[in-house]
Amino acid sequence: MEKRIAICPGSFDPITKGHLDIIRRAANLFDEVIVLIMVNYTKTNTAFTAAERVEMARRVTADIPNVRVDYYAGLLADYARQQGACTLVKGLRAVTDFEYEFQMALTNKKLYPNLETLFLTTDIQYMYLSSSVVRQVASFGGDISEFVCSEILEDIQKRLAPAPGVLPNA
């Protein structure tokens, strides 16, 4: 029987507990899951480099044996074809996520007809959570420990927390 490989793509800037929930659930459904750190050309200012995002994703998924982390800057459909992946797994928080993700799923299907997209609804405890929320709360020195894994909490705080007495973006 052919190995069933899924890809969980995203910019993961930074990876959150919501992302990890989707990754863990996908790992229960597929033989192998690739967490794919990608370049999002609409997000020109990332908080973390691609190498840092890969390293953080590797740390928080280290306990999931059938997950590996990779980086790719090209077309997702091309990467999926190269890896022999059968499915893209995307988490949905709200209807607004669906509009964009549905368009991307149709595009990827056109580019690589053997590729399916599986939408997993986010666990209710993470419906509000996004990397943007984490970056914003951290940039004001707020507590993000409920949003990200302990393995990467300090890295995010060091990078994003304001210096004492300095206003963010001042």
Side-chain angles (χ1 to χ4, degrees), residues 2-43 46-135 147-152 155-156:
E2 194 173 315
K3 188 176 184 182
R4 300 194 49 80
I5 301 170
I7 299 172
C8 289
S11 53
F12 302 105
D13 187 36
I15 193 166
T16 69
K17 287 183 177 180
H19 292 131
L20 191 57
D21 175 61
I22 297 295
I23 293 163
R24 285 187 187 284
R25 289 163 55 201
N28 287 330
L29 299 172
F30 295 92
D31 299 315
E32 180 180 359
V33 174
I34 303 168
V35 176
L36 187 62
I37 311 298
M38 298 199 65
V39 173
N40 183 335
Y41 293 100
T42 64
K43 298 177 183 176
T46 59
F48 297 91
T49 67
E52 289 170 327
R53 289 180 279 146
V54 165
E55 196 270 329
M56 286 191 287
R58 285 185 176 144
R59 276 193 275 158
V60 302
T61 60
D63 67 325
I64 314 170
N66 62 330
V67 169
R68 69 180 167 98
V69 179
D70 202 359
Y71 169 79
Y72 191 70
L75 286 174
L76 179 54
D78 290 343
Y79 180 86
R81 186 180 292 106
Q82 292 165 13
Q83 298 300 312
C86 61
T87 308
L88 299 177
V89 176
K90 299 293 293 185
L92 297 178
R93 292 171 300 207
V95 174
T96 52
D97 286 347
F98 179 75
E99 285 185 52
Y100 173 77
E101 295 299 347
F102 184 66
Q103 182 181 21
M104 296 285 48
L106 293 174
T107 302
N108 285 318
K109 186 75 170 168
K110 185 74 171 173
L111 295 172
Y112 181 29
N114 294 336
L115 188 63
E116 298 295 340
T117 299
L118 174 66
F119 297 115
L120 294 178
T121 54
T122 302
D123 188 290
I124 196 163
Q125 67 181 324
Y126 303 121
M127 286 190 74
Y128 65 92
L129 186 56
S130 68
S131 295
S132 300
V133 166
V134 170
R135 289 192 309 270
F147 306 155
V148 298
C149 297
S150 60
E151 295 92 339
I152 61 172
D155 297 302
I156 297 167

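Since the structure is predicted, the reported quantities are computational estimates derived from the model, not experimental observations.
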Quick one: [atom1] on [X] to [atom2] on [Y], what's the gap to the nearest 0.5 Å?
X    : Y    : atom1 : atom2 : answer
F119 : D97  : CZ    : CG    : 10.0 Å
K90  : N108 : NZ    : CG    : 9.0 Å
N66  : D31  : CG    : CG    : 8.0 Å
L120 : I22  : CG    : CD1   : 5.0 Å
T49  : I37  : OG1   : CD1   : 10.5 Å
Q83  : L36  : CD    : CG    : 8.5 Å

Answer whether the closest heavy-atom distance between the side chains of [X] and [Y] falls below 4.5 Å.
X    : Y    : result
C86  : E116 : no
I23  : I15  : yes
T117 : K109 : no
R68  : R58  : no
I64  : V33  : no
L88  : M104 : no
V148 : M56  : no

Quick check: closest heavy atoms across [X] and [Y], and the distance to 0.1 Å?
X    : Y   : answer
V54  : V69 : O-CG1, 3.8 Å
L20  : V60 : CD1-O, 3.7 Å
P9   : L76 : CG-CD2, 3.7 Å
V89  : F30 : CG2-CE1, 3.9 Å
M127 : R93 : CE-O, 3.1 Å
H19  : T16 : ND1-N, 2.9 Å

- Selection residues 72-95 - residue pairs positive for ring pair (Phe, Tyr, Trp, His ring centres under 6.0 Å), sequence neighbours left out: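 Qualifying pairs: Y72-Y79.
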- Query: More than 12 heavy atoms of other residues, nucleotides or ligands under 6.0 Å from CD of Q82: is that the case?
  - Reply: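 More than 12 within 6.0 Å, yes.
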- Message: For the OH atom on Y100, are there more than 12 heavy atoms of other groups (residues, nucleotides or ligands in this structure) within a distance under 6.0 Å?
- Response: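 Open.
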- Evaluate the salt bridge (charged side-chain N to carboxylate O under 4.0 Å, His left out) criterion for residues D155 and R59: first the C-alpha distance (whole Å), next the side-chain angles of each, then the deciding distance (0.1 Å), finally the verdict. CA-CA 12 Å; D155 297 302; R59 276 193 275 158; 2.6 Å; yes
- Query: Tell me the salt bridge (charged side-chain N to carboxylate O under 4.0 Å, His left out) pairs involving residues 79-88, sequence neighbours left out?
  - Reply: D78-R81
- For R25 and D21, what are the C-alpha separation, side-chain angles and deciding distance, and is it a salt bridge (charged side-chain N to carboxylate O under 4.0 Å, His left out)? CA-CA 6 Å; R25 289 163 55 201; D21 175 61; 3.0 Å; yes
- Item | Contacts of R135 that satisfy side-chain contact (heavy atoms from CB on, under 4.5 Å) - sequence neighbours left out |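 By the side-chain contact (heavy atoms from CB on, under 4.5 Å) rule, R135 matches D13, P14, A47, S131, S132, L160.
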- Does the side chain to side chain contact (heavy atoms under 4.5 Å, CB included) test come out yes or no for D63 and R24, once each step is laid out? CA-CA 10 Å; D63 67 325; R24 285 187 187 284; 3.0 Å; yes
- Inspect the contact between R4 and E32 and indicate whether a charged nitrogen and a carboxylate oxygen are less than 4.0 angstrom apart. no
